[in-house]
Amino acid sequence: MELRARVLLWKLVLLQSSSVLLSSGPAGPATPGSSVVSESAVSWAAGARAVLRCQSPRMVWTQDRLHDRQRVVHWDLSGGPAGGPARRLVDMYSAGEQRVYEPRDSGRLLLTPSAFQDGNFSLLIRAVEETDEGLYTCNLHHHYCHLYESLAVRLEVTDDPRAAGAHWDGEKEVLAVERGAPALLTCVNRAHVWTDRHLEEAQQVVHWDRQPPGVPHDRADRLLDLYASGERRAYGPPFLRERVAVGADAFARGDFSLRIDPLEPADEGTYSCHLHHHYCGLHERRVFHLKVTEPAAQPPPRDSPGNGSSHSGAPGPGAGDPTLARGRSVINVIVPEGRAHFFQQLGYVLATLLLFILLLITVILATRQRRRGGYEYSDKKSKSKGKDVNMVEFAAAARDQALYRREDIRLGYKNNLLKERVELSHSPLPAKSIDLDKEGQRADTRLSPWLPEFRKEYCK
């Protein structure tokens, strides 16, 4: 009898399952149009390495080695008679493993084992009790595709058989069930992402398109096609095909950035990155408006502080590309300073000092010679006039020449008296006694010839 009742209940489930579907899931494998998730303008200099970033963690491909345990359904109950937070009732993975959390619900709450094949995730309560009343939530999780969907059903328990039934309150289904009778909480989603186990690597594809300036989107040129299985296809002219690339581990890291190296002015345009994951229903597009500018003039690289030229044997960034413009290179060679340079500078200093000393000696000698010539000229001038030298004047001149007494001055004299006076001036005078009477008589004798004339003139 119980077996017949269970069969009838499951037939009812199959009849009702076709009328209720989750509105959030796609209805079939049809591919919707790509949605633009980002659009940006980038600028790079000609000759540089341009990188157009296109990343998505939802495109990371991982092989399912756990028998497809990445999909799970679980039922939760909240808002019961006792109140309190929501509690987990039962859950089941896509591999068919079912788990009931409360011991009292074991054998009383049931999920069909073929839920992930036919898309029927309805919950069957064999005998409804007063504590079963509340808000039930059917939650579907796809961890690989990052999909989360839910459906709510309100369960009410009544003692009146005529009040039993189901209706829609505008947000969710409300199901009224008689106490002790079975209740079926409907949750159906037959989208292929929940029911079919496709080969994921055959349904993941990424491609890059390029639009030259003035070309519309529907006439864009295809550059690259990438598949999760490892297949790659390159399009476009050969000169561009050799300069564009995407990382070999793109599907392992979810990074499908396009690299253009080196960038040329003809590469300017609009680039589009299309991400398609047919299994997960992902269709995104990222747009980049690339502008190529003139390269900035840069000084030559310096490998060392003392040398402006590069001595490394590695070729430059554009050594192997004949299409790159080659500019004029200037090499500055600076000879390092050695010990000979130091001695050379020291010789310059010593030579300059020696010339200064010689010039100083020459000035001193010229000055002394000029002074000596002045004294000789004064003596000769006095002799040429034939006048006697006054002792007082000579004594004064002798004092001026006290500094030069030790020098041997050889002069020519016309009489012995002048010679004697000069010798006396150069040697210390000996002390002697002078008789004034005798000296006076000598003076009178010398002046006697001129006295008569002086007297005549005086009398006149």
Subject >> Side-chain heavy-atom pair Leu360, Ile364 within 4.5 angstrom cut-off >> reply: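 In contact.
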Original post:
Is there side-chain contact between Val51 and Leu258, with heavy atoms separated by less than 4.5 Å?
Top reply: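 A side-chain contact under 4.5 Å is absent here.
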With sequence neighbours left out, write down each residue that passes salt bridge (charged side-chain N to carboxylate O under 4.0 Å, His left out) with [X], or none if nothing qualifies.
X      : answer
Asp159 : Arg179
Glu284 : Arg286
Arg219 : none
Asp225 : Arg222

For a quick check under 3.5 Å, do [X] and [Y] share a side-chain donor-acceptor pair by atom type?
X      : Y      : answer
Glu39  : His289 : yes
Arg71  : His141 : no
Asn139 : Thr137 : no

Between [Y] and [X], is there a salt bridge with N-O shorter than 4.0 Å?
X      : Y      : result
Asp267 : Arg210 : no
Glu129 : Arg104 : yes
Asp255 : Arg253 : yes

Original post:
Looking at CG of Leu89 and CG of Leu185, how far apart are the two atoms once the value is rounded to the nearest 0.5 Å?
Top reply: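 So the gap between those two atoms works out to 9.5 Å.
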Original post:
How long is the span from the CG atom in Leu77 to the OG1 atom in Thr131, to the nearest 0.5 Å?
Top reply: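 These two atoms lie 8.5 Å from each other.
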Subject >> Non-neighbouring partners of Phe121 that pass ring-ring contact (aromatic ring centres under 6.0 Å, His included), sequence neighbours left out >> reply: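 Here the qualifying residues are Phe116.
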Original post:
Excluding sequence neighbours, so at least two apart, what forms ring-ring contact (aromatic ring centres under 6.0 Å, His included) with Tyr136?
Top reply: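 Counting only residues at least two positions away or on another chain, Tyr136 forms no ring-ring contact (aromatic ring centres under 6.0 Å, His included).
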Original post:
Ring centroid separation for His274 and His283, is it under 6.0 angstrom?
Top reply: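 Not close enough - the centres of the two rings lie 6.0 Å or further apart.
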